[in-house]
Amino acid sequence: MEPLDMEEDISQLHPADPFSFARSYQLEALEKAIKQNTITYLETGSGKTMIAIMLLRSYAYLIRKPSPFFAVFLVPKVVLVKQQADAVEMHTDLKVGKYWGDLQVDFWDGEKWKQEIDKYEVLVMTPQILLDGLRHSFFKINLIKVLIIDECHHARGKHPYASIMREFYHRQLEAGASNLPRIFGMTASPINSKGANTADSYWQKIHELETIMNSKVYTCVSASVLAQFVPFATPKFKFYQHMAIPNVLYAHLVEVLTVLKVKHECSLDNLDLEASAAESTRKKLSKIHSALIHCLHELGVWLALKAAECFSCYENELLMWGKLDVFGEKIIRSYSVDAFRAIETCMPSGLDWTIANDVKGSVAAGFLTTKVLCLIESLFEYRVLKDIRCIIFVERVITAVVLQLLFSELLPRYSNWKTKYIAGNNFGLQNQTRKKQDEIVEKFRKGMSGGRARMQNSDYLLMLKSGDFSTHARLKNYLTSGDVMRKESLCHASYPCSPLSEGLDDEEFYHVASTGACMTLSSSVGLMYFYCSRLPADGYFKPIPRSVIDKQMGLCTLLLPKSCPIQTVCVQGNIKNIKKKACFEACKKLHQIGALTDNLVPDIVFEEHDVEQIEKEPYNDDQPIFFPPELVNKDSLDSMTKYYCYLMELKQNFDYEVPVHNIMLLVRNQFDMDEKSVNIELEVDRGTLTVNMKYIGLIRLNSDQVILCRRFQLAVFQVLMDRKAEKLAEVLCDHTLGNNSEIDYLLLPSNYVGQSPLIDWLSVTSVTFSYEKAWKNHVNCNAGMIQIKSGLVCTCMIQNSLVSTPHNGHAYIISGLLTDINANSLLRLSDGRLMTYKEYYEQRHGINLCYSQVSFLAGRHIFPVQNHIQRCRKQKEKGIETKIFVISESRNALVELPPELCCVVMSPISISTFYSFTFLPSIMHRLESLLLATSLKKMHLDHCVQNVAIPTMKVLEAITTKKCLENFHLESLETLGDSFLKYAVCQQLFKKYQNHHEGFLSIRKEKIISNTALSMLGCGKKLPGFIRDEPFDPKDWMIPGYNCGSSSLNEETLCNAKKIYVRGRRKLKRKKVADVVEALIGAYLSTGGEAAGLLFLDWIGISIDFTNIPYERNFKVRAEKFVNVQHFEALLHYSFQDPSLLVEALTHGSYMLAEIPGCYQRLEFLGDSVLDYLITLHLYNKYPGITPELLTDLRSASVNNNCYALSAVKAGFHKHILQSSQKLYKEIKETVESFQESSLEYTFGWVSEKSFPKVLGDVMESLAGAIFVDSGYNKEIVFQSIRPLLEPMITTETMTVHPVKELYELCQKEHYELRKPIVSREDGISSITIEVEANGKVFKHTSTACDKKMAKKLASKEVLKSLKGANFG
């Protein structure tokens, strides 16, 4: 869209449909505001916001979307954001956005703000947000059409209002810009302090405001104009005679409270708290002490007692002193309780005594002061009024709290008034929620005239101490100041605004030309602290800048945190602003090296935004299921059709009366597989069946032969699937043989003639069986005839046939005659009774057998088609239930059939053929999977310049999830691939971003290796279609050559331009795609080494270069001065070429010594990935035959912070860590003592019942990183050095399952109910309750620990112990 003309004609603007209820002065103010920048000076409740809204309506046509322009409504307090936004939304149709600090807008970037500006037309916010946005150039001031500033009298000095106008508006104005926003200020008083004495001094203040706002003040001619619409309160002075509480009592209590304060300060010193925590507690203690003394002096003993009671109540929601150390909290509570008890001894002890019994007597006794008495008596003057509303303003929060307690006890005796208090939440003293405050205000407003307006005939009482003449005079001056200010404003209304001559060039100004972002001397301090706040931190130090000022030399040295790329900045200049200058120079340098972006925000903010955007990327979980093109053909049949023949040799590895025979697979497209033969092992109840498939040559079939073969395989599979033959004729008739099937391959029985395998055409022709042919072909047969339901047939034709029995709809395979059984033979029933077959059929089926002497047929039920690639036997051994159940062969598989009830369906066909064909759905499913794996592999190889040899089975393993329930799945490869990916990416980032801190590197890593990022890469390569995520169900297998209408295939093109087919769709989670990407990395890595793994990464879209990125260190330090280098080299069995790496690896962020220019965080980032990969690779190679689950358990038990921390303590590393955190020192000491007491022989696993400082584990990782860098990135050297420290390494024999996982698996196996954990956290301690219901009995345990994971582990461990010890019979 073209931008609108920035210099719109003001004459075009007019009040857009002014409100019918608008007052005359509101319309007059609106007219002024349209013509020029205006400050509306009107009393509270006079409707200034309505004027602003009418102005917005007048500008609405300029800011309606898709216009790039917008309006900004600034309010000084968060509570006003919603209030003013709601008003704009109520009275306009403009889209309104609301913004304040708690929304984390500090971390928004330009793209996020652009989205907001594109969405909303009016932005209501606190001023610091706009100021920061302008400084970072997220907002452009020339795109703001209207800038409304509520309570604009704050626009002085360094207030954000003044900074916005000075840094942006006036700079643009001085530069000659004409496209600046219309300014509309609102105030109830144009000056902050109404303490001026003369009209000139008032005008001077107003003039300063007009100048900074570049606006003229508009106000009413007189208060009488407003009085028609706004009720004014009548001011009244109330004087009280000050009378101090008895001096002896006061002095005694002050002394007691001071002694208590000193006592608890001593207790604080004995606690050995960290310096910052101790100082924080000391300040809180002083505040409470000061508050109690204040209450004692100003309010009296009784209210001081109530204040102490409030402070001492541990769960009091009214008062809060911010976050404290647990021990510090106890000190505060203890002092408050002691203070309460001390004050209580000075109060009457009778049960009948209350403060309300004798108020004046209480004043005489010192329980209340005369000031409080004056307040009480003033209120009582109004007790005859109904529906009264009263607001009492006090200076301190604690005063509001205790006065409410006083009135709650006192007022019910004299009236039905109710008392509540409201206190701001920025004093660090109370925890009253905004919702609670709103509820109180809403109840208070009921019955008022509305809004913030005063009620009619209101009084405004001012309490004064008698004889305080100066305060009295000041207040009288204050009451008359409104008229003076109004008069001065009107007198100078015609004067133009003065240019802002001062302030624009007072401060240094840094401007980024590419974006327009800017920084001043003053703003640089906040920017410096903001940058440091985004540096990596832990619980032991907070990264903040420190300044060292030499006043004599006029020097300031700014010391920055260790993770900052700049360590020190030294400047010289005026002592008054020298710290600002140091921050200014530091920020300039950070921008020049890229640590601050061109928008002057920390680089990590943009990185985090990118990660957020990636995570928000939409993902469609409806994904395709691919089908191999080798098994698809859409060409028409030729007179002679060419087929590629593959022989499937089936070998039974078990004893069974029914043998299998080979199968011939005929396909129209030759398989493009690297392997000359394919071996498949199937699971059978009795053992295993091995399939070896190999190519044997070409064959040509005419169209009749093809149709015959299709009919045969369709008939066999239809019978096997249905286990009946009722619908077979119907299906064969419906099968349009002239049409081409999409899934076109032939599965045919095979036999041998000599050494050559051939198609068993005799069996294939069984599908064409007819009685006419049977008679014709067996006229001279000597086998004899037998009567069946359809007539006489030769016994040789029925001995190997498929028959149906119409009386029950079943199908049976006939293997021969039972010469010793006929209709008169006895049949033993299940209840033990005997009867003849003839009697049985008559009673059971109502059938009279006519041929009593004819021998019965030996029939067999149809074999069940099962999933033979499922890990059925192994699953049974583990006792894990699966969704697919193996159908075991019935004991009654063999049946005796009267021939006269049988109809021949297929003949001749052997029982072996049917049995062999039951395995074909499983074989073909595996073959389909292998062909897909081959397509995936070829897709990658077509991209690679180098040839990577990787077995197809490895690729198949990588695309097979655990849900498939097969003998292999991707978890092991995923574990390996995950560790290699992390290792490769971390190494790349470490070298590429040499001046960036660990936080930046971690965010960058997340952008590359997160599940979302990997799934996006996987989807880009169309991996979801290859993934196998469901167990094979033979019922869903598509019978080749049969178009049943539900198996339509859609063609799709892969990234290597090869075609593939989609046979359906399914839901697939994003994480599954990411898991497969990692597993494929593992597959290439495990077979082709790191080079193959990197080639796959490059293909998927992650470019890694291990060789061509040089790493330059700028860490100049004499290592021997800080670390015992020889000791560490002996301990690590490694000699450092650059010993400064050792210093870096052992330096914690809290160690602020300027001589050491960095800390271990970057090396820890690198070493973490190196150790993870090395240990994973070690376990993968050492235990090649273990299950994926066991590999995962071994890895998680070896690669964790507690394991590394204990190894670090065992090696004595804790003695050499360079740190200056008292808290860390204390925790390390506790860890060492715990380790010495436990006498652990090994460091792996889950035995530890405490969480150890992460720093100890970090040091182990940073040392690994140091060796890795020093050795030229030789991971083998790292493993040689670090492995002895981790010995003994975990083995399959020594490994124990994590208690949480073990409990979960036990509950699944035994069908116990594992309930949702109950989690709580208080004073930095996590508490978790684990509960299990087993066989009607509940087992539960609650554990506490510093972190949630440890508490959950301990609780699970105890519940497991109880469950194992329970005797359930």
Considering all heavy atoms of both residues, which atom of [X] and which atom of [Y] are nearest to each other, and what is their separation?
X: Ser58; Y: Leu30; value: OG-CD1, 4.3 Å
X: Thr211; Y: Ser498; value: CG2-O, 3.4 Å
X: Met485; Y: Pro190; value: SD-CD, 3.7 Å
X: Arg166; Y: Ile212; value: NH2-CD1, 4.0 Å
X: Phe407; Y: Ile376; value: CE2-CG1, 4.1 Å
X: Thr38; Y: Ala33; value: OG1-CA, 3.3 Å

Is there a side chain to side chain donor-acceptor pair (under 3.5 Å) between Glu377 and Tyr240? Walk through the geometry before answering. CA-CA 10 Å; Glu377 289 176 340; Tyr240 62 91; over 6 Å; no
Can you confirm whether the side chains of [X] and [Y] place a donor and an acceptor under 3.5 Å from each other?
X: Gln128; Y: Asp132; answer: yes
X: Gln84; Y: Asp150; answer: yes
X: Glu210; Y: Ser215; answer: no
X: Glu151; Y: Tyr161; answer: no

Give a yes or no answer on whether the side chain of [X] reaches the backbone of [Y] with a donor-acceptor pair at less than 3.5 Å.
X: Asp459; Y: Leu461; result: no
X: Ser524; Y: Leu521; result: yes
X: Ser137; Y: Gly133; result: no
X: Thr92; Y: Glu89; result: no
X: Arg182; Y: Ile34; result: yes
X: Tyr218; Y: Tyr25; result: yes
X: Ser533; Y: Phe530; result: yes
X: Arg57; Y: Leu94; result: no
X: Thr187; Y: Ser189; result: yes

Do other residues, nucleotides or ligands put more than 12 heavy atoms under 6.0 Å from the NZ atom of Lys216? yes
Would you find more than 12 non-hydrogen atoms of other residues, nucleotides or ligands less than 6.0 Å from Lys82 atom NZ? no
Should the pair Tyr495 and Trp203 be assigned to parallel (<30°), tilted (30 to 60°) or perpendicular (>60°) ring geometry? perpendicular
Would you say [X] and [Y] make side-chain contact, with heavy atoms under 4.5 Å?
X: Leu56; Y: Ile148; answer: yes
X: Lys205; Y: His153; answer: no
X: His492; Y: His207; answer: no
X: His136; Y: Leu527; answer: yes
X: Gln172; Y: Ile141; answer: yes
X: Val372; Y: Leu375; answer: no
X: His297; Y: Thr369; answer: no
X: Phe184; Y: Ile51; answer: yes

Positive for side-chain contact (heavy atoms from CB on, under 4.5 Å) with Ile144, one of Leu123, Val72, Asn179: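 Per the side-chain contact (heavy atoms from CB on, under 4.5 Å) rule, the option paired with Ile144 is Val72, out of Leu123, Val72, Asn179.
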Using the rule given for side chain to side chain contact (heavy atoms under 4.5 Å, CB included), can you reason through Lys238 versus Glu381, listing the C-alpha separation, both sets of side-chain angles and the distance that settles it, and then say yes or no? CA-CA 12 Å; Lys238 288 286 182 179; Glu381 291 177 12; 2.7 Å; yes
Just checking Phe139 against Trp113, ring centres under 6.0 Å apart?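 Close enough - the centres of the two rings lie under 6.0 Å apart.
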Within 45 degrees of the axis of the six-membered ring of [Y] and under 6.0 Å from its centre: does [X] put its NZ or CZ there?
X: Lys145; Y: Phe69; value: yes
X: Arg486; Y: Tyr41; value: yes
X: Arg171; Y: Phe509; value: yes

Hey, mind stepping through Tyr169 and Ile183 against side chain to side chain contact (heavy atoms under 4.5 Å, CB included) and telling me if it holds? CA-CA 10 Å; Tyr169 187 93; Ile183 305 296; 3.8 Å; yes
Rounded distance [0.5 Å steps], CZ in Arg135 versus CE in Met519: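 It comes to 10.5 Å.
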CA sep, side-chain torsions, deciding dist, call: Leu299, Thr399, side chain to side chain contact (heavy atoms under 4.5 Å, CB included): CA-CA 8 Å; Leu299 307 176; Thr399 305; 4.1 Å; yes
Determine, step by step, whether Val88 and Phe73 satisfy the side chain to side chain contact (heavy atoms under 4.5 Å, CB included) criterion, reporting the C-alpha distance in whole Å, the side-chain angles of both residues, the deciding distance to 0.1 Å, and the verdict. CA-CA 10 Å; Val88 175; Phe73 198 136; 4.1 Å; yes
Could you check Phe239 against His472 for ring-ring contact (aromatic ring centres under 6.0 Å, His included), going step by step and ending with a plain yes or no? CA-CA 10 Å; Phe239 297 95; His472 188 200; 5.3 Å; yes
Glu28/Lys32 under salt bridge (Lys or Arg N to Asp or Glu O under 4.0 Å): CA gap, chis, key distance, verdict: CA-CA 6 Å; Glu28 188 179 339; Lys32 289 277 187 187; over 6 Å; no
